[in-house]
Amino acid sequence: MAENGIGVSVRRKEDNRFLIGKGRYTDDINVAGQTYAAFVRSPHAHATINGIDKSAAEASVGVIAVFTGDDLAADGIGPLICGVTVPSDDGEPHRAPAHPALAQGKVNYVGDHVAVVIAETQAQAREGAEKVGVDYTALPAVTDTGSAADDGQPQIHDVAPNNMCYNWPFGDKDAVEAAFASAHKVSTLDLVNNRMVTNPMEPRAALAEYNAGTEEITLHLTTQNPHVHRLVMSAFNQLAPEHKLRIVSPDVGGGFGAKIFVYAEELVVGWSCRKVNRPVKWTGDRTEAFLADAHGRDHVATAEMALDENGKFLAMRVMTKANLGAYLSTFATMVPSYLYAFLFAGQYTTPLIYSEVKTVFTNTAPVDASRGAGRPEATYLLERLVDVAAADMGLEPAEIRRRNFIPKDAFPYQTPVVQCYDSGDYETALDKALALADYDGFAARAEEAKSRGLRRGIGLSSYVEACGIAPSAAVGQLGAGVGLWESAQVRFNPTGNVQVFTGTHSHGQGHETTFAQLVTEQLGVPIENIEVIHGDTAKTQFGMGTYGSRSLAVGGVAIAKACEKLIAKGKKIAAHALEAAEGDIEFADGNFTIAGTDKAMNIAEVAFNAYVPHSYPEGLEPGFDENAFFDPMNFSFPAGTHICEVEVDPETGVVEIVKYSAVDDFGKLINPMIVEGQVHGGIVHGIGQALLEVCRYDSEGQLITATYMDYAMPRADNVPSFDVDYAPTDPPHNPLGVKGCGEAGAIGAPPAVINAITNALGVKHIDMPATPENVWRAAQGAA
Amino acid sequence: MYEFSYYKSGSVEDAVEAMNKAEDGKFVAGGQTMLPTMKHRLASPSDVIDLGGIAELSGISVDGDSVTIGAMTTHAEVAASGDVQAMIPALAQLASGIGDPAVRNQGTLGGSIANNDPAADYPAAVIALGATVKTNKREIAADDFFTGMFETALEDDELITAVSFPKADSAAYMKFENPASRYAIVGVFLAKTGSAVRVGVTGATPCAHRGMRLEEALNSNFSADACDGVEIPVEKMNTDIHASAEYRAHLVKVMTKRAVAACS
Amino acid sequence: MPIVNMNVNGNPVTGEVEGRTLLVQFLRENLGLTGTHIGCDTSQCGSCVVHVDGKSVKSCTLLAVMADGSEVTTIEGLANGAELHPMQQAFMDNHGLQCGFCTPGMVMSALDIVNRNGNELDENTVRKELAGNICRCTGYHNIVKSVTAGAKAMGD
């Protein structure tokens, strides 16, 4: 093992700049002559626009320009797009209403973008925005997921009758019905998956500059995928040709999905810098983030499980309504479909699964991927249903899971829902988790809690997820408009240090360290001589960015492949220099050696020879700089069991998480310290969903939870420390043996927490978030 | 935030004079509520008159059986005060639970009660301890001070200078926090002096109030059980996304019982 | 427009501001000290915490004019040349940061916790005292470890 190579908890290379206040986030960047943008946002959830009077705003102090949707349209700036097609049951593709970046005659949610004001200062821009006169006729709004498609509801888009985007049936309905008809027992559960606001701590921002000399737009953005932004803004929005558009995503303060998408503000700022021929900056505030960041989740579902007399799952049926908000965000359609229903097998051998997903438009902010994206929804539904089934069958929750696990010798395992799991050992993870949680000691702890007037409960969640997104052929077949490979370039400089260019983007995940570890392990270059570069389309080759826990499992492999190419080329160069046959050269620990001798050449010397090829193999290209692309053969399938233990105060409904244990299978760990940090963060995101967080609109479509005064983020005193361990298996299709870890906690935690609370109270179900009042009410019912 | 004229006053008289001259002036104490309100453009005073430079408004003194706290004394100073801890430990504990450490370093007693947020902590203590609010013009009894949601007996040019809290034999503050804002969903301050019990309730209703029915029950039988029979009028309780009226009414009782237990 | 004078990280500074200029804006825009961040507008998230006269405050909820004449310390003022402050070092050693956005506020709050509670901190104290700082990345586990370790190191 290299000193700072694979498996070492190397301190992060990026930390120094963050710790001394030298991080460089978009809003930290200022350029000469910069102007400021402020958006006029709809105060109505649903309204027609009769007219926009710009005159008072244009006359306002410091205002340079006021633009509306007509100005964008006149310049041919296209509407925002959704990049994944999902077929509806009528044979048509999903309904895709136009999504103009600035409204065209109608607004469809509170916060919708009506106009932009460009001014000399931010305050002047905001004051100007208040002076834009918009004449609205308010329309009745629809906000409720469950009833949005009912007859008689207000209609949002002409192209989407009954507010339906698609109805997507999946599976063998008749076979499932037959299995239910002959089942020993059917367990049923109705549940809501609460709407969340993703809330990375850095609000979105954009800074655009136009160079009239080169005709290039440089757009600094808070994005997780700068090349995807460039592609979409060029190919679909006509902002500028790809080679004349540079997207820079500098340090980004968290993403969790919310910064994947191409947003109206980004496009408008990018366009307006050319219109005013000055740099334009926009920095969102937190309320704008609540109003106009894409939200997450928001499902209403009914799940049923058919069981035989031994508690074996025979078939499962799920009916889901999912809220997509007012318009389709960039990847909105795939979240409640492919990222959701393809996970319904979970860790189990359930042979038959049928589901229907009805997606609806409402007068709320667009809904799209948020940490886990579809997989938390699937896991929550399944792992809650399994606990309900356990209770119905009189089986212990661990036991019913064990009876239904896919056995470890059954891999690769083809589920009935498309996914073919490549590796896993669910029972080992469960056993380790039970031991870590001291499951056997629970009864005594519950008894002791009772003496303090508290009810103690314990809950399990055995999840599997599909990440490492994704095999291009598979997603292409499903209607995605892009391939999901990843790219890397590993470049030696003549002096022997290394620059690694990755198409992924790090916004907290520590790629600058983890990827450097891969390279030091493989090439033997000291880690301090390796720099990982990402987030600038002018520096790095095209890449697909970071989401779906894909960066290491896909992007890391691309880096490893580029390193392999360097080694192969280095052997030729070393063979020539050492006057040996290429086949006799071995490479290890940074040295090319003639096998069986001590004649060797360091890779830095090889690099120098490649750039100063005075004595060099004939016909070989100079330079020591290789790129590689990797398109995975399959998704990766992290899995694990999380166990949550709570104490509930029945008098107030307050839930305290007193112990939380997680055992995960992420394959091989490159930097265990970073992996553990990802697990912690994911768990707390999941606990937030389970106990605290909910995004609420009133029936008129006003957002009630628009600040941290009303939207409860998890804080340090809401959560405990965690016990984390691993039960790794080796994924055969991944050359690095890695699976991905960024979303696991957010997927595993919500059902573990709710299962613990229902266990404590002895109730069938409680919806998230299990706020004190909800728990108190449930405790009243149970008492 | 809209622009305004800023004035840092050096004395109470100076501040009042500046207020009288202002078209639509506002005093700012710690600013912890006022500045967020102004940032959201929900308030737009023409003049902001800063009380931060008035030394005479800060400080804590003990006079016989009461402790007097200057209006500009921060929550952190109250929480850390040996005098307050010795005289009325529940008041120090209340102050230590307002907002968070950074907010407590700026936020002040005077600012809190002058603003009279329905979910603020201090009003419960002012009411339960029967404190006296001292202003540049007069002294106002606790029972007369809080007049409605964000409303007090203060006149426009009237400034709180200090609050005098009489010592109780025993007192406790039980707060049920809003998980988002950390304000009180319900806060109950209970003070017992001799056989007389006073209960100050915040968070539950549009304005902090005395829990008269609870007081009555506890005056005749100072025990947690005595609260059980008390009817808390649900129709008077606040309802919002964090807690229904019914739940708040329940919490008033639970927090009172816990305060009784802490005082017993 | 009002003129403010402060001592920021040991350096006397002066600047012209509007009445409404927040301390955080003065630090970021006038002084270019962009280590202090703005994560919300309701004084909840704590990304903007700095020290004014030795006490932690939320610089988004303080007018620059209110801090006139004060000693201000920001995240940029902690390290001694290339040597990190023990609390900064503890955050690095314990992986107490991921995206880094909340980190300056976390570190400044952590120092305030040590100032008030000493060098031996238990987990509960740290968690309660961090109630005014929100982090979305770390789940707090490693922040709590960092603060505890940093406090200890500051006493050594």
Side-chain angles (χ1 to χ4, degrees), chain A residues 9 11-12 14-25 27-30 123 198-203 251-256 283 285-287 506-510 673-674 676-685 687-688 707-709 713-722 724 745, chain C residues 18 20 25 28-29 32-45 47 74-79 82 84-85 87-89 91-104 107 123-124 126-145 147:
Chain A
S9 289
R11 299 292 173 265
R12 296 202 321 169
E14 42 274 86
D15 283 357
N16 191 62
R17 68 175 187 270
F18 295 139
L19 282 164
I20 64 173
K22 294 293 179 192
R24 194 162 172 272
Y25 302 87
D27 187 49
D28 298 342
I29 300 167
N30 295 294
T198 305
N199 270 307
M201 292 316 297
E202 179 204 22
D251 286 326
V252 171
F256 314 105
T283 305
D285 63 25
R286 183 56 57 187
T287 293
S506 185
H507 30 278
Q509 297 90 339
M673 175 189 84
I674 288 176
E676 199 172 318
Q678 292 291 309
V679 174
H680 296 156
I683 291 171
V684 171
H685 215 136
I687 290 173
T707 72
Y708 289 147
M709 298 288 279
M713 290 285 281
R715 307 202 191 189
D717 58 356
N718 293 124
V719 293
S721 289
F722 306 104
V724 175
Chain C
E18 292 184 307
R20 62 180 162 180
Q25 292 172 319
R28 288 178 57 83
E29 291 164 21
L33 295 173
T34 55
T36 302
H37 298 147
I38 304 169
C40 78
D41 19 72
T42 52
S43 211
Q44 302 281 321
C45 84
S47 298
T74 71
I75 190 72
E76 289 94 344
L78 298 184
L84 294 180
H85 183 283
M87 187 59 79
Q88 292 171 314
Q89 188 64 46
F91 270 72
M92 180 183 278
D93 291 344
N94 292 282
H95 190 28
L97 65 154
Q98 290 183 22
C99 80
F101 194 79
C102 77
T103 307
V107 171
E123 178 176 342
N124 268 348
V126 175
R127 286 187 180 278
K128 275 184 107 65
E129 292 277 348
L130 283 178
N133 292 78
I134 302 177
C135 169
R136 190 54 134 176
C137 295
T138 64
Y140 303 104
H141 179 117
N142 285 339
I143 290 177
V144 173
K145 269 172 72 178
V147 175

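Within every chain, numbering begins at 1; the chains are lettered A, B, ... in the order of the sequence lines, protein sequences first and strands thereafter.
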Notebook entry, point to check: Taking R11(A) for the side chain and D93(C) for the main chain, is one N or O donor matched with an acceptor at less than 3.5 Å?
Noted result: yes
Notebook entry, point to check: Which bit of M201(A) comes within less than 4.5 Å of chain C, counting heavy atoms only: side chain, backbone, both or neither?
Noted result: both
Check: Is there a donor-acceptor contact under 3.5 Å from the side chain of Y140(C) to the main chain of P714(A)?
Finding: yes
Next item on the list: Just do the side-chain contact (heavy atoms from CB on, under 4.5 Å) check on R127(C) and S721(A) with the steps written out, would you?
Entry: CA-CA 10 Å; R127(C) 286 187 180 278; S721(A) 289; 3.1 Å; yes
Notebook entry, point to check: For V679(A), is it the side chain, the backbone, both, or neither that has a heavy atom closer than 4.5 Å to a heavy atom of chain C?
Noted result: neither
Check: Within a strict 4.5 Å, meaning less than it, do heavy atoms of the F18(A) and C99(C) side chains meet?
Finding: no
Check: L84(C) and L19(A): which non-hydrogen atoms are nearest, and at how many Å?
Finding: CD1-CD1, 4.5 Å
Item checked: Proximity breakdown for T198(A) and chain C, heavy-atom pairs closer than 4.5 Å -> backbone
Notebook entry, point to check: So what's closer than 4.5 Å to chain A heavy atoms on E29(C): side chain, backbone, both or neither?
Noted result: neither
Next item on the list: Can you measure from CG (N16(A)) to CE (M92(C)) and round to the nearest 0.5 angstrom?
Entry: 5.0 Å
Note to self: For R12(A) versus Q98(C), what's the shortest heavy-atom pair and its separation?
What the structure shows: NH2-O, 2.6 Å
Next item on the list: For F256(A) and C137(C), work out which heavy atoms get closest and say how close.
Entry: CZ-SG, 3.7 Å
Next item on the list: Counting only heavy atoms closer than 4.5 Å, note whether T138(C) contacts chain A via side chain, backbone, both or neither.
Entry: backbone
Checklist line | T42(C) side chain near R286(A) side chain, heavy-atom distance below 4.5 Å | finding: no
Next item on the list: Sort D251(A) into side chain, backbone, both or neither according to what part of it lies under 4.5 angstrom from a heavy atom of chain C.
Entry: neither
Note to self: For L97(C), which atoms come within 4.5 Å of any heavy atom of chain A: side chain, backbone, both, or neither?
What the structure shows: both
Notebook entry, point to check: Is a side-chain donor or acceptor of Y25(A) paired with a backbone partner of G100(C) at a separation under 3.5 angstrom?
Noted result: yes
Margin query: To check you understand the geometry: which heavy-atom pair defines the closest contact between G39(C) and Y708(A), and what is its length?
Written below: O-CE1, 4.1 Å
Check: Quick one: what part of I38(C) sits under 4.5 Å from any heavy atom of chain A, side chain, backbone, both or neither?
Finding: backbone
Note to self: Taking side chain as everything from C-beta outward and backbone as N, CA, C, O, which of these in I687(A) sits under 4.5 Å from a heavy atom of chain C? Side chain, backbone, both or neither.
What the structure shows: neither
Item checked: Heavy atoms of other groups near R24(A) CZ, more than 12 under 6.0 Å -> no
Checklist line | I683(A) portion near chain C, given a 4.5 angstrom heavy-atom threshold | finding: neither
Next item on the list: Give a yes or no answer on whether the side chain of R136(C) reaches the backbone of P200(A) with a donor-acceptor pair at less than 3.5 Å.
Entry: no
Checklist line | Segment of Q678(A) engaging chain C (4.5 angstrom heavy-atom cut-off) | finding: both
Next item on the list: Please state whether the rings of H141(C) and H680(A) are parallel, tilted or perpendicular, taking 30° and 60° as the class boundaries.
Entry: parallel
